[in-house]
Amino acid sequence: MSVDFATVKRVARLARIAVSEEEANRMVGELNGILGFVEQLSEVDVEGVEAMTSVTPMKMKKRTDEVTEGNKAADIVSNAPVTDQNFFLVPKVVE
């Protein structure tokens, strides 16, 4: 896949970015270089390679799943104009 001058101008217009003729010509080469690198990456065999979260081996930091505060339903609905058994009551709207 390659990018031409017309494609760069079209994408710039869609992104609402002002790009001069000189910048567009420079971007054609840069974008084609990037796409060439991506095509090289697709040639690499990654079968059996585990996904990484970092370049250095490390365990994910996970916090313990503990309930720290609860039973605050009455506090949550205390400022509501109308409630019933800790539920908000709202008028029925049918349009």
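Quick note: numbers below take in every heavy atom, side chains included, and nothing from hydrogens, waters or symmetry partners. Count residues from 1 along the sequence.
- A pairwise comparison of heavy atoms in Asn86 and Ala74 identifies OD1-CA, 3.5 Å as the closest pair.
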Side-chain donor/acceptor pairs under 3.5 Å, residues 27-39, sequence neighbours excluded:
residue : atom : partner : partner atom : Å
Glu30   : OE2  : Arg26   : NH1          : 3.0
Asn32   : OD1  : Val3    : N            : 2.6
Asn32   : ND2  : Val3    : O            : 3.0
Asn32   : ND2  : Val28   : O            : 3.1
Glu39   : OE2  : Met1    : N            : 2.8

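- Applying the side-chain hydrogen bond (donor to acceptor under 3.5 Å, both in side chains) criterion to Thr56, with sequence neighbours excluded, gives Ser54.
- For the salt bridge (charged side-chain N to carboxylate O under 4.0 Å, His left out) test, residues two or more places apart in sequence or in another chain that qualify with Lys72 are Glu69.
- Residues forming a side-chain hydrogen bond (donor to acceptor under 3.5 Å, both in side chains) with Thr7 (at least two apart in sequence, or on another chain): Asp4.
- To the nearest 0.5 Å, atoms CD1 (Ile76) and OG1 (Thr83) are separated by 12.5 Å.
- In this structure, Phe87 places its CZ atom where only 12 or fewer heavy-atom neighbours from other residues, nucleotides or ligands lie under 6.0 Å away.
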Contacts table for residues 13-25: side-chain donor-acceptor under 3.5 angstrom, sequence neighbours left out:
residue : atom : partner : partner atom : Å
Ser20   : OG   : Glu23   : N            : 3.2
Ser20   : OG   : Glu23   : OE1          : 3.4
Glu23   : OE1  : Ser20   : N            : 3.0
Asn25   : ND2  : Glu21   : O            : 3.3

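- Remark: Asp75 CG is packed, more than 12 non-hydrogen atoms of other residues, nucleotides or ligands lying under 6.0 Å away.
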* Asked: Do Lys92 and Val94 pass the side-chain contact (heavy atoms from CB on, under 4.5 Å) test, and can you show the C-alpha distance, the side-chain angles, and the key distance before you say yes or no?
  -> CA-CA 7 Å; Lys92 186 181 243 182; Val94 180; 4.1 Å; yes
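- Residues forming a side-chain hydrogen bond (donor to acceptor under 3.5 Å, both in side chains) with Gln85 (at least two apart in sequence, or on another chain): none.
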